[in-house]
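Structure, as structure tokens:
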Amino acid sequence: MDRRYDFKAIEAKWQNIWEENSYFKVYEDKTKPKYYNLEMFPYPSGHLHMGHVRNYAIGDVVARFKSMNGYNVLHPMGWDAFGLPAENAAIQNKVHPARWTYGNIENMERQLKGMGISYDWDRELATCKPDYYKFTQWMFLKLFENNLAYKKKSAVNWCPSCQTVLANEQVVEGCCERCESEVDKKQLEQWFFKTTAYAQRLLDDLEKLPGWPEKVKTMQRNWIGRSEGCQFSLEIEGSEETLSVYTTRPDTVFGVTYMVLAPEHPLVEKLVAGKAQEAKIQAFVKKMKSTSDIARTATDAEKEGIFTGAYAINPMNGEKVPIWIANYVLMDYGTGAIMAVPAHDQRDFEFARKYDIPIRVVIKSPDSPAKGEEMLEAYAGDGVMVNSVEFDGITVEEGQKRIIAYMEEHKIGQGTINYRLRDWLISRQRYWGAPIPIVYCPDCGIVPVPEKDLPVLLPEDIDFKPYGESPLNQLESFYKTTCPNCGKEARREADTMDTFVCSSWYFDRFCSPHESDIPFSWEAVDYWMPVDQYIGGVEHAILHLMYARFFTKFLYDINMLSCEEPFTNLLTQGMVLKEGAKMSKSKGNVVSPEDIIGTYGADTARLFILFASPPERDLEWSDQGVEGSYRFLNRVWRMVNEYADIIKEVNIPDNFAQLDADACKLRFKTHASIKKVSEDIEERFNFNTAISAIMELSNALNSYSDNEEQDLPVVKEAINALLLLLSPFSPHICEELWQLCGNEEAICLQKWPTYDPDALIQDEIEIVVQISGKVRDRITVATGLAEEELKQIALASPKIQQLIQDKTIVKTIVVPGKLVNIVAR
RNA sequence: GCGGAUGUGGCGGAAUUGGCAGACGCACCAGACUUAGGAUCUGGCGAGUAACAUCGUGGAGGUUCGAGUCCUCUCAUCCGCACCA
């Protein structure tokens with residue numbers, strides 16, 4: 001009678017049934033509440049890794065749970081398919097990136113389907129397909145139309161290994177985020193999206209995201225880096241030029257003893273022209289420009305500078321202060337020039353000490369010396385202004401406002417807000433990406449490709465080896481075109497777009513993926529968006545998650561979307577580790593999902609990965625742990641098989657009348673488990689504790705099965721609950737067992753069980769009796785006793801009697817339903 | 001340096017509101033069944049003790065009848081940011 005747990009056959013069978021019956025296909029259905037559940041779509045590297053398995057297993061529990069709870073669940077999957085790795089792999093393996101990518105997609109799709117995730121596969125998309133990137137280009141055009149896409153020449157990050165420029169966000173500690181090569185600075189003309197135009201909204205709306213981890217919001221806040229201060233101009237002695245600076249400490253303006261320009265500052269050349277030290281300064285500037293950013297911005301980097309020979313006039317007191325050039329001032333923040341107040345800024349302090357520049361205290365505080373010479377470090381704290389003429393005695397905070405007001409009144413400067421966030425550089429000098437839909441006409445200049453001419457197709461027949469500019473520049477059939485305006489011969493933009501552009505709107509496309517004239521329909525996004533639950537790795541905390549937010553706000557502004565934030569709730573899952581380290585080929589500690597699924601089945605793999613750790617935390621892979629999960633599923637398999645035929649015809653009554661103690665206990669466990677599992681999934685995503693509760697129910701059922709007299713309706717109720725509760729985690733085995741128990745309709749279509757509060761009422765409970773906080777006895781009492789009664793019963797316990805006989809009771813604390821604490825001396 | 005998170009048995013991890021520390025699982029030990037066991041079942045499993053007492057949530061203090069949980073200080077690990085004026 002024991003049927004073997006043949007997971008291979010079972011999993012294949014149910015994956016087919018789900019697909020054939022389109023159980024996970026969804027439409028906009030206004031009669032049901034919608035739930036858009038999304039996992040970050042993968043880059044098609046060719047093989048799933050354990051991080052993917054974890055990501056999609058988590059997502060599938062949420063999707064199946066919500067669906068069983070009556071939600072209309074959108075759960076799509078697609079491919080982030082453009083990008084450098086495809087191109088690099090293609091070069092290495094001498095296959096075309098397209099072929100390589102589509103081959104990978106095919107394989108990963110097969111693997112993903114083998115996991116049994118409840119995707120609506122009809123919505124599958126790949127960003128490298130013309131029917132998708134047509135609209136990535138459309139997005140570009142819309143941004144261009146709204147003056148949010150522009151071209152400018154500036155110093156940009158250049159990765160010599162990837163042979164392309166990178167956005168700021170893609171440079172980590174001066175190195176390429178992808179290949180870790182050191183990034184150079186190059187002066188290039190490139191396309192940017194004006195993310196800075198949305199800086200304030202991107203910052204403010206973080207407040208509207210209570211469902212996001214604080215950590216991610218903090219990272220975004222830091223990245224946006226808002227600061228309040230003021231910008232003002234200084235005259236330069238003997239020159240027509242003025243110098244503009246930005247400071248967050250206008251209250252210290254009377255403490256300025258020198259000014260600093262960034263080496264790249266345009267004024268440098270004009271100031272030093274014809275001066276005696278011109279050559280020396282030019283040499284210094286050249287040296288600074290050639291120093292890499294990492295070396296220049298490292299914390300312990302020595303401050304270096306040189307005096308220009310020029311002087312600026314402090315507009316507040318008419319003082320003449322020397323203008324220096326120094327490595328510690330960056331061209332691309334603020335105005336690229338600062339007022340230096342060595343007494344109250346550590347960097348200026350260090351510089352002033354090194355070059356013997358005076359240090360003047362203008363903020364008085366008991367925490368710091370009153371004389372510059374006596375200071376050991378700059379004082380940046382609170383205090384009152386001194387040496388500041390009419391502003392003396394004013395606090396730091398008040399002083400900032402008053403100085404700004406004064407400057408505005410006297411037309412010296414004005415209050416300004418500055419952001420660390422830069423515009424998003426989206427040009428890439430590589431082949432495998434969406435072409436930027438722009439044409440350069442000798443007469444009309446920069447001309448956008450008309451919408452009707454989209455997509456600008458990425459040609460396939462091309463030598464795509466990188467050589468420092470886009471390979472498309474070599475292909476005449478691509479770049480040679482006519483101006484959409486005047487019809488004259490013109491040249492296409494050959495750069496492609498950063499892949500993060502493609503992934504900034506894919507969640508919108510999933511809502512109506514088959515539209516061919518518009519990126520997505522209003523009805524669809526209005527119904528589905530925003531994503532209710534987004535799940536993925538924390539490595540996208542800034543990059544993808546900020547770009548996607550930027551796109552969403554833009555699309556909202558042009559009335560394409562009705563929401564301003566794309567992701568209501570965000571879950572950032574932890575990494576999968578082996579032997580305490582991230583799985584990687586170089587460490588040789590990679591566990592292949594395909595092997596695990598082949599040996600134990602997808603149900604086991606999913607169960608283990610969800611059981612081993614709560615989702616946000618890192619997960620330590622354990623082969624033995626997998627065995628354990630496999631054993632558990634086998635136990636469930638055997639037990640339910642034993643009962644399957646017996647309980648087939650049993651009816652579960654609406655009211656359980658007379659139950660013996662053991663049956664009552666099992667019923668209690670059944671309903672307590674329903675309650676716990678529901679709450680663990682719904683409220684806290686604590687799948688690990690949900691699974692342990694299911695295991696407890698299984699254990700209780702197992703113990704009960706030893707009873708000679710068994711109450712079958714109670715057993716059936718318990719088995720039903722067990723299978724329903726387990727089904728989001730390990731769906732295939734639950735479907736099979738559900739069917740074996742005589743149920744005709746698939747388990748994934750069932751309603752999630754609800755608990756019966758009556759079953760949770762117990763006649764008796766155990767109460768802990770403490771003496772002075774230490775547990776001394778446990779007593780079983782009827783539920784619902786009054787405090788006084790409880791106290792008397794506790795005191796009457798023989799054990800307690802004995803222990804307190806020569807003591808005086810000082811007081812007694814009663815916590816109804818839990819404990820009695822007798823404080824005795 | 002700044003900001004954040006974490007620290008609990010041999011291991012992964014529970015403890016939801018200040019109320020029985022160690023749920024559940026792994027590993028391990030013993031037993032049953034068995035020709036056999038790396039299957040399955042039963043039992044044990046923080047330290048300590050003959051048994052109790054007792055000790056025990058990184059460490060030191062504190063609040064409380066009672067602290068893994070609250071407060072102060074401190075250590076360690078991990079992550080993020082880091083000349084942003």
Side-chain angles (χ1 to χ4, degrees), chain A residues 2 172-173 213-216 218-223 225-227 229 231 245-249 252 260 262 296-301 303 326-330 332-341 344-348 350-351 418-422 538-539 541-542 574-575 577 580 607-608 611-614 616-629 631-632 634-635 638 676 679-680 683-684 686 688-699 702 706 766-778 810-815 817-824:
Chain A
D2 248 18
V172 180
E173 285 174 14
E214 211 44 58
K215 178 187 171 166
V216 173
T218 305
M219 283 168 74
Q220 292 212 356
R221 272 186 207 110
N222 290 341
W223 189 260
R226 179 192 152 105
S227 78
Q231 193 172 319
V245 297
Y246 172 73
T247 180
T248 54
R249 291 293 305 273
T252 63
V260 190
R296 222 177 109 183
T297 59
T299 318
D300 49 3
K303 290 185 178 33
N327 61 345
Y328 74 97
V329 173
L330 308 172
D332 55 2
Y333 184 79
T335 61
I338 62 158
M339 64 173 215
V341 185
H344 307 293
D345 181 287
Q346 187 59 24
R347 295 153 299 181
D348 298 343
E350 285 165 29
F351 191 83
N418 239 305
Y419 300 91
R420 216 185 67 123
L421 181 78
R422 310 287 146 77
V538 74
E539 65 273 15
I542 295 174
M575 286 189 295
L577 310 175
L607 189 69
F608 166 72
F611 178 58
S613 188
E616 299 92 336
R617 237 189 283 181
D618 285 350
L619 179 150
E620 176 67 27
W621 183 266
S622 154
D623 290 331
Q624 285 166 330
V626 180
E627 293 273 358
S629 296
R631 275 204 293 269
F632 169 69
N634 269 287
R635 261 197 311 276
R638 282 194 302 272
K676 168 132 183 83
E679 288 170 356
D680 278 355
E683 289 161 26
R684 311 190 298 158
N686 280 4
N688 55 333
T689 52
I691 293 168
S692 77
I694 296 170
M695 287 171 168
E696 283 185 57
L697 174 60
S698 159
N699 291 345
N702 207 34
D706 291 340
E766 199 182 65
I767 295 285
V768 167
V769 185
Q770 297 182 330
I771 295 176
S772 304
K774 306 230 161 171
V775 180
R776 290 294 183 243
D777 198 10
R778 287 151 214 275
V810 182
K811 76 188 203 192
T812 309
I813 292 116
V814 181
V815 183
K818 285 209 172 121
L819 62 72
V820 177
N821 187 12
I822 298 156
V823 186

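Per chain, numbering begins at 1; letters A, B, ... match sequence-line order.
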Determine the interatomic distance between C1' on B:U8 and the same-named atom on B:G59; round to the nearest Å. 14 Å
What's the gap between B:G10 and B:C45 when it is taken at their P atoms, as a whole Å value? 15 Å
Round to the nearest Å and state the distance from [X] atom [atom1] to [N] atom [atom2].
X        : N     : atom1 : atom2 : result
A:Asn222 : B:G80 : CG    : P     : 13 Å
A:Lys774 : B:C52 : NZ    : C1'   : 14 Å
A:Asn327 : B:C83 : CG    : C1'   : 9 Å
A:Glu620 : B:G12 : CD    : P     : 8 Å
A:Gln220 : B:C79 : CD    : C1'   : 16 Å
A:Asn702 : B:C41 : CG    : P     : 7 Å

Reckon [X] has a side-chain N or O less than 4.0 Å from the OP1 or OP2 of [N]?
X        : N     : result
A:Arg684 : B:A14 : no
A:Lys215 : B:G4  : no
A:Ser613 : B:G13 : yes
A:Lys676 : B:A14 : no

Taking the minimum atom-to-atom distance to the side chain of A:Arg638, which one of B:C55, B:C41, B:G80 wins? B:C41
Testing B:A85, B:C41, B:U16 for proximity to the side chain of A:Thr248, the answer is B:A85
Looking at every strand, decide which applies to [X] at a 4.0 Å heavy-atom threshold: base, sugar-phosphate, or nothing.
X        : result
A:Asp618 : sugar-phosphate
A:Arg776 : sugar-phosphate
A:Thr335 : nothing

Could you run down nucleotides 21-30 of chain B 5' to 3' and tag each one B, S or - for protein heavy-atom contact under 4.0 Å? --BBSSS---
Given the rule that a pair is Watson-Crick or G-U wobble with both distances under 3.5 Å, how would you write RNA chain B in dot-bracket, using | for pairs to a different strand? (((((((..(((......[....))).(((((.......))))).((......))..(((((..]....))))))))))))....
Mind listing the closest non-hydrogen atom pair of A:Asn821 and A:Gly773 along with its distance? OD1-N, 2.9 Å
Sorted by chain and number, sequence neighbours left out, salt bridge (charged side-chain N to carboxylate O under 4.0 Å, His left out) with A:Arg221 holds for A:Glu207, A:Glu214
Just say parallel, tilted or perpendicular for the rings of A:Tyr333 and A:Tyr246, cut-offs at 30° and 60°. perpendicular
